[in-house]
Undergrad: 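My questions all concern the structure below.
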Protein chains: 2
Amino acid sequence: MKDDQLISFEQPCPIRDVLDRIGDKWSLLVLHSLSEGTLRFNGLVRNVEDISKQMLSKTLKRLEKDGFIRRTLYAEVPLRVEYELTDIGKSFLKPMAELIRWANANHRDIVLARQQYRLTNSNR
Amino acid sequence: MKDDQLISFEQPCPIRDVLDRIGDKWSLLVLHSLSEGTLRFNGLVRNVEDISKQMLSKTLKRLEKDGFIRRTLYAEVPLRVEYELTDIGKSFLKPMAELIRWANANHRDIVLARQQYRLTNSNR
DNA sequence: CTGTATCCATTGAGATACTG
DNA sequence: CAGTATCTCAATGGATACAG
């Protein structure tokens, strides 16, 4: 596949479709949390900084629906539910790590560019 | 840097900050369009499938503000404006290509997982 | 040619309270 | 323990018309 054909515009566009899932506020953080291993619901609440139970619930459902994670219910008392990455989820860790690495490495430059932009366009 | 420290929760979290910029609907497609070289406004409108002038304008402004692209105005008649990637923008192409490659490679599996999920949970 | 202004519909996200 | 229901607010995105 040639580089200039990386983005396909067939319906639905894969990159658009994938971005719609992981481009939200929490998905990447949840996936990262699960990269170390299985976690329970409240474990994720504690592990993912500042996420509410409600947003975690929604995020987990979407990720499960798209096959990134697997939900296992143990009918015990009290209830136990475990979340873990599927093969799809695990394979996604690699490009995700690249993205995170880039973000960490370049965040400072972006912040500086933003400041410079504000200075240059203070005459708005 | 250890892998489990890839995501920093310092304020502001770099990955959150970067995702907020490129996680929207058009940024990635615009950056990809510019990866081949300089383009003018209407060139981008033609190049980026289905984007409206208004969304292109907003997207370009954000990308410029964050230092991903550079806008050059030529005061001719008629007006000419050129957009091109900055060094930050160019360096971002690498992790972006990884992401796109993954999306293209795994999109089919995601669609299948989604169908399977619907079948399994038809008793909702 | 290169945009901006305005209005509107949809979605994401947070707070709180409640359930099996 | 593991969620859901409801409400509200803010941000995104799209259509159309207008402007320098």
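Within every chain, numbering begins at 1; the chains are lettered A, B, ... in the order of the sequence lines, protein sequences first and strands thereafter. Every value quoted in this text rests on a predicted model; they were computed, and no experiment measured them.
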Undergrad: Between the side chains of B/Glu84 and B/Arg70, is the shortest nitrogen-to-carboxylate-oxygen separation below 4.0 Å, so that they form an ion pair?
TA: yes
Undergrad: Which nucleotide sits closest to the side chain of A/Asp24: C/dT2, D/dG14, C/dA13?
TA: C/dA13
Undergrad: Just to confirm, is there a sub-4.0 Å distance from OP1 or OP2 of D/dA2 to any side-chain nitrogen or oxygen of A/Arg71?
TA: no
Undergrad: B/Leu44 CG to C/dT2 C1': how many Å, rounded?
TA: 12 Å
Undergrad: Is the phosphate of C/dG3 approached by B/Ser57 (side-chain N or O, under 4.0 Å from OP1 or OP2)?
TA: no
Undergrad: Find the distance between CZ (B/Phe92) and CD1 (B/Ile22) and round it off to the nearest 0.5 Å.
TA: 4.5 Å
Undergrad: Which of these nucleotides, D/dG13, D/dG3, D/dC1, is closest to any side-chain atom of A/Arg40?
TA: D/dC1
Undergrad: Whole Å only: how far is the CZ atom of A/Arg80 from the P atom of D/dA2?
TA: 9 Å
Undergrad: Decide, yes or no, whether a salt bridge links A/Arg62 with A/Asp24 under the criterion of side-chain N to carboxylate O below 4.0 Å.
TA: yes
Undergrad: In terms of side-chain heavy atoms of B/Phe41, which of C/dC1, D/dA2, C/dG3 is nearest?
TA: C/dG3
Undergrad: Describe the nucleic acid contact of A/Lys25 in one word from base, sugar-phosphate, nothing, applying a heavy-atom distance below 4.0 Å.
TA: sugar-phosphate
Undergrad: Could you walk me through whether A/Leu63 and A/Arg21 pass the side-chain contact (heavy atoms from CB on, under 4.5 Å) test, one step at a time?
TA: CA-CA 8 Å; A/Leu63 289 174; A/Arg21 309 298 146 169; 5.7 Å; no
Undergrad: Tell me: NZ of A/Lys58 to P of D/dA5, nearest whole Å?
TA: 11 Å
Undergrad: Categorize B/Tyr74 for me: base, sugar-phosphate, or nothing, with a 4.0 angstrom heavy-atom threshold over every strand shown.
TA: nothing
Undergrad: Establish whether the base of C/dT6 is bridged to the side chain of B/Gln54 by a donor-acceptor pair shorter than 3.5 Å.
TA: yes
Undergrad: Mind calculating the distance between CZ (A/Arg16) and C1' (D/dT12) to the nearest angstrom?
TA: 13 Å
Undergrad: Check whether any side-chain nitrogen or oxygen of B/Ser52 sits under 4.0 Å from OP1 or OP2 of D/dG14, and answer yes or no.
TA: no
Undergrad: Under 4.0 Å between any heavy atoms, over every strand shown, what does B/Lys53 touch: base, sugar-phosphate, or nothing? Just pick one.
TA: base
Undergrad: Quick one: A/Leu56 CG to D/dC1 P, roughly how many Å, whole number?
TA: 14 Å
Undergrad: When rounded to the nearest 0.5 angstrom, what is the spacing between CG in B/Leu99 and CD in A/Glu98?
TA: 10.5 Å
Undergrad: With the side chain of B/Leu79 defined as its heavy atoms from C-beta on, choose the nearest nucleotide among C/dT2, D/dG13, C/dG14.
TA: C/dT2
Undergrad: Whole Å only: how far is the CZ atom of B/Arg21 from the P atom of D/dA11?
TA: 12 Å
Undergrad: Grab the CD1-C1' distance between A/Ile51 and C/dA15 for me, whole Å please.
TA: 15 Å
Undergrad: Between C/dG12 atom C1' and A/Asp50 atom CG, what is the distance in whole Å?
TA: 17 Å
Undergrad: Choose from C/dT2, D/dG13, D/dC1 the nucleotide whose nearest atom is closest to any side-chain atom of A/Pro78.
TA: D/dC1
